[in-house]
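We name chains A, B, ... by the order of the sequence lines, and we start the count at 1 in each one.
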Protein chains: 2
Amino acid sequence: MSRIIPVFLAGLCILLLGPTLGSSSRILVVPVDGSHWINMEILLRELHTRGHSITVLRSPKSWYIPSESEIFSSINVTMLEDKTDMSYYNKLLLDVMECRQSGEFLRSFCQQHLITSMLDKGHKILASAAATMLDDPKFMKKLTDAKFDLMLTDPGLTIGVVLGSYLKLPMVFNVRWINTGESHFTIAPSPVSYVPVPGSELHDQMDFPGRIKNMLLYLHSLVEQYFIINPAYSELLQKHFPPGTDLLSLQLAADIWLVRVDFVFEFPRPTMPNVVYIGGFQCQEAQPLPAEMEAFMQSSGEHGVVVMSLGTLVSALPLEVTEAIAAAFAELPQKVVWKFLGEKPSFLGNNTMLTKWLPQNDLLGHPKTRAFVAHGGTNGMYEAIYHGVPVVGLPLLFDQFDNLHRLKVRGAARLVEAKSLTKENFLEALKDILETPSYRDNIQRLSQLHRDQLMSPMDTAVFWTEYVIRNKGAAHLRAAGFTLPWYTYYSLDVALAISAVIAACAWAFVFICRVLCCRKSRRKTKAD
Amino acid sequence: MSRIIPVFLAGLCILLLGPTLGSSSRILVVPVDGSHWINMEILLRELHTRGHSITVLRSPKSWYIPSESEIFSSINVTMLEDKTDMSYYNKLLLDVMECRQSGEFLRSFCQQHLITSMLDKGHKILASAAATMLDDPKFMKKLTDAKFDLMLTDPGLTIGVVLGSYLKLPMVFNVRWINTGESHFTIAPSPVSYVPVPGSELHDQMDFPGRIKNMLLYLHSLVEQYFIINPAYSELLQKHFPPGTDLLSLQLAADIWLVRVDFVFEFPRPTMPNVVYIGGFQCQEAQPLPAEMEAFMQSSGEHGVVVMSLGTLVSALPLEVTEAIAAAFAELPQKVVWKFLGEKPSFLGNNTMLTKWLPQNDLLGHPKTRAFVAHGGTNGMYEAIYHGVPVVGLPLLFDQFDNLHRLKVRGAARLVEAKSLTKENFLEALKDILETPSYRDNIQRLSQLHRDQLMSPMDTAVFWTEYVIRNKGAAHLRAAGFTLPWYTYYSLDVALAISAVIAACAWAFVFICRVLCCRKSRRKTKAD
């Protein structure tokens, strides 16, 4: 406890002085929708209290980004395809479940294939949207005239990167994922011998087949980057940027990467000086629940409550899966709060409360909460760690398999596959998590480490955002290696030159030896 | 200015609460002497105020480490050869000056050769000293019984690493240099295409010959590590540690590396999660000078003062060099404060004050100070940056050439080689630094960036030291790659396996094609 005080006070000092300190600046924001937006909004709220003026580019079809807000003004632009809605992700879920039928080695490639075709389509749309903006002199003049001091963007949506680079703005990324995967793979050396590639469901101690799988997935991501993603932007970049510019080079020119990672959760791996870790920056102490929900929590008695939520993307699991889950819940002595959007299961236990929305952070921080049934989205995982609640994972899409795998290898979670979920195996996993103390002990240890920071992740995020504004960038933290061609970066030209010299010396040595030997033998012959 | 307030207040909160917060622990310290000790002592002083009990292992022949102190108790042990004194470094200086006669490409190798023979000798002595300690059951019992909570050491002296590992203590390094060079090269991926090897005098944007030189120096450092340093400890480690342990593996098992680097000064490069940057942590606002010195500073009028110091290792430059420096100083309108230990020059200007000791930090922070003539030791460089004073560099040994090169490429320093120093070229460099505003502007910009930190480097150092104590280590920040054999780390085994499969497939393809072709041609022959 005592160690929390200075961090708290330090944060307090910054917060209290905040509004007077933050020299007001104009920040242009290009966010990604869904849970990415939730992350961005929390940071924007903080920047707003510090007096910065914020402008958000949003799609009129946005799910989460409001067109009007007290904390920012918005500009409507076409960003994503109209058809990309929840039903798209529900369909994707079924395809992923199909993939999960394959063996451990193949399913990652199957899922990666689905993502690749998504990326292929998505980046073409994004590039065309960015081109429309750059080709619209009125729109670009509006942005230029606004004299923004910073582009704050989630590079998962490349429009922010392209616009920021075009406007020559200092750039801060609020990021976890970027194009081909986890953002570290773009910016930091990533030895695939111990750094698991996104989607591999491996950990940092791999056996030989694991390392082969990891290498193949890594090679696949390179193909994606250089043959699918970069080419989608080549026409746009050729037209508006200096020759030789590709999307990757624009991304690597960002000043600061606020990466939503904490090494309590992520496996330790190389990083870079302009990467700042803000994993769990959205976590807060729990606020009081609405009266009805609080009464439900208290009614659970000594057994406590299980909280279930599957996040923002997928609205509905297949009906047979929800039926099995509902049946398993009905057999628990605990009460259950379940965020539920789809078709209701035919049978529901008396202990189970369905709700269309739940205050996830406040529920996880409630003293009655005993376990969290989650899909494994990053935000939920950090909230589970922050509040020290063990997890039953039901991964559905994207990084969720990897995320839950990280908690599992730390002894803080159990995984159940949606494709093979039955009432029995789900109940067994739930009971194991609820009754075996080690899961709770392990996640509480993670919680303790996660909270033991020099400065809160949110204050860190605000500090570095303002750092880039006041210093007009952070070029001195950007490695020179980013601008090298790959054969130079990996010193292949140098290796070739040194090898050539060694080979020449060896050849010369052999040649001289032969000449000397010949002379000797000739002399010998003559002497004979 | 406004941005300094929150950092200051945050620091203040920690400092005020310090003594009550730091749960008192027992810290065992194995420092390196000289300027390394100065760095360690500053941290120890801070840890002492926070209530930790500190025990220092010191050599009875130590130059700087006192046998008695208010902030720590000490245990005398044999650590370094008796003959290693200032005269040794004065002799080394002459050898290095000899090396500097060679061309740019060769001199680094010449200097490296001197260092290698130093390391060879030094590590044998260190290994034997460590063996004496481990073989002394009474001494080891004393250490074990003391139940230390932490080994805080400068791994430049390997005894701390060996003892800490043997006692299974959590380990924090206060470090810049380690065995073969800059500590990053031990712990973080270091692409030699843009990360200059210590002693190379290169920067992060190298031409092709530069990259060849860098690669050769890197290969040389590998030879040093694996054929000179590791073998020096093999007998000791075989006797007292599990099979397969080498010095490098003990170093890589440290929990936190407090690295005395800031990327305002160092070129940005890959790093690791358990590396914490505390570059310039010894810097403080200037304190008032002794009355006599203050009077001298004020007497300089509008021209101001030049401060000269060549650090702690070398006591004397060759007489012809000091004569030339003195003559150049005499022609300046500025006054000069010169820390001087050797034979006095025959002629000294009225404006020049020689002194055996000077309060370097307070002088550099004095408003009258216009330039700093320095040997380029790390501490002096950070003090120059902190106070924003441009530098005329006179590098003598070790990292000093590299350090000054870093300030030079940032437009904040001029270099003069001791071997070719004349009154004229030294005076020209001095006048350039004093009269061209860009040098001052550039170092003031570095100063601004260096001071713009989330938390002061000293508070950061204290936080992470106590973090390791209260969490009994920081294993979750240590990369799994450290324990892999090199061919696995670089995925050579995986590459071999994948290549073999590709080759086999290609062979099978060719084989099948041939078989089919043969059949076809046979049929054709038959048909004919």
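- A:S190 and A:R269 share a donor-acceptor pair across their side chains, judged by distance under 3.5 Å alone.
- Neither side chain, A:H184 nor A:E266, offers a donor N or O lying under 3.5 Å from an acceptor on the other.
- Both the backbone and the side chain of B:M272 come within less than 4.5 Å of a heavy atom in chain A.
- Contacts between B:F267 and chain A at a heavy-atom distance below 4.5 Å are absent for every atom of the residue.
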Decide yes or no on side chain to side chain contact (heavy atoms under 4.5 Å, CB included) for A:I278 and A:M458, but give the supporting numbers first. CA-CA 7 Å; A:I278 62 162; A:M458 176 54 94; over 6 Å; no
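- When only modelled atom types and interatomic distance are considered, B:Y277 and B:T271 share a side-chain donor-acceptor pair under 3.5 Å.
- Proximity to chain A involves both the backbone and the side chain of B:T460, based on heavy atoms less than 4.5 angstrom apart.
- Nearest heavy atoms, B:L252 versus B:F482: O-CD1, 3.5 Å.
- With respect to chain B, the highest number of heavy-atom pairs below 4.5 Å among A:A495, A:P273, A:A479 belongs to A:P273.
- Counting heavy-atom pairs closer than 4.5 Å to chain A, the top residue among B:I498, B:L449, B:V192 is B:L449.
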Go through the steps to decide whether B:Y490 and A:S193 satisfy the test side chain to side chain contact (heavy atoms under 4.5 Å, CB included), and finish with yes or no. CA-CA 7 Å; B:Y490 291 107; A:S193 52; over 6 Å; no
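- B:V264 touches chain A through backbone and side chain together, each having a heavy atom under 4.5 Å away.
- Both the backbone and the side chain of B:D493 come within less than 4.5 Å of a heavy atom of chain A.
- Counting only heavy atoms from C-beta outward, the side chains of A:L150 and A:H52 never approach each other to under 4.5 Å.
- Looking at A:R410, there are no atoms closer than 4.5 Å to chain B (heavy atoms on both sides), in backbone or side chain.
- The part of B:L484 that comes within reach of chain A is its side chain, from C-beta onward, which places non-hydrogen atoms under 4.5 angstrom from that chain.
- Using a 4.5 Å cut-off between heavy atoms, A:P189 touches chain B through its side chain atoms alone.
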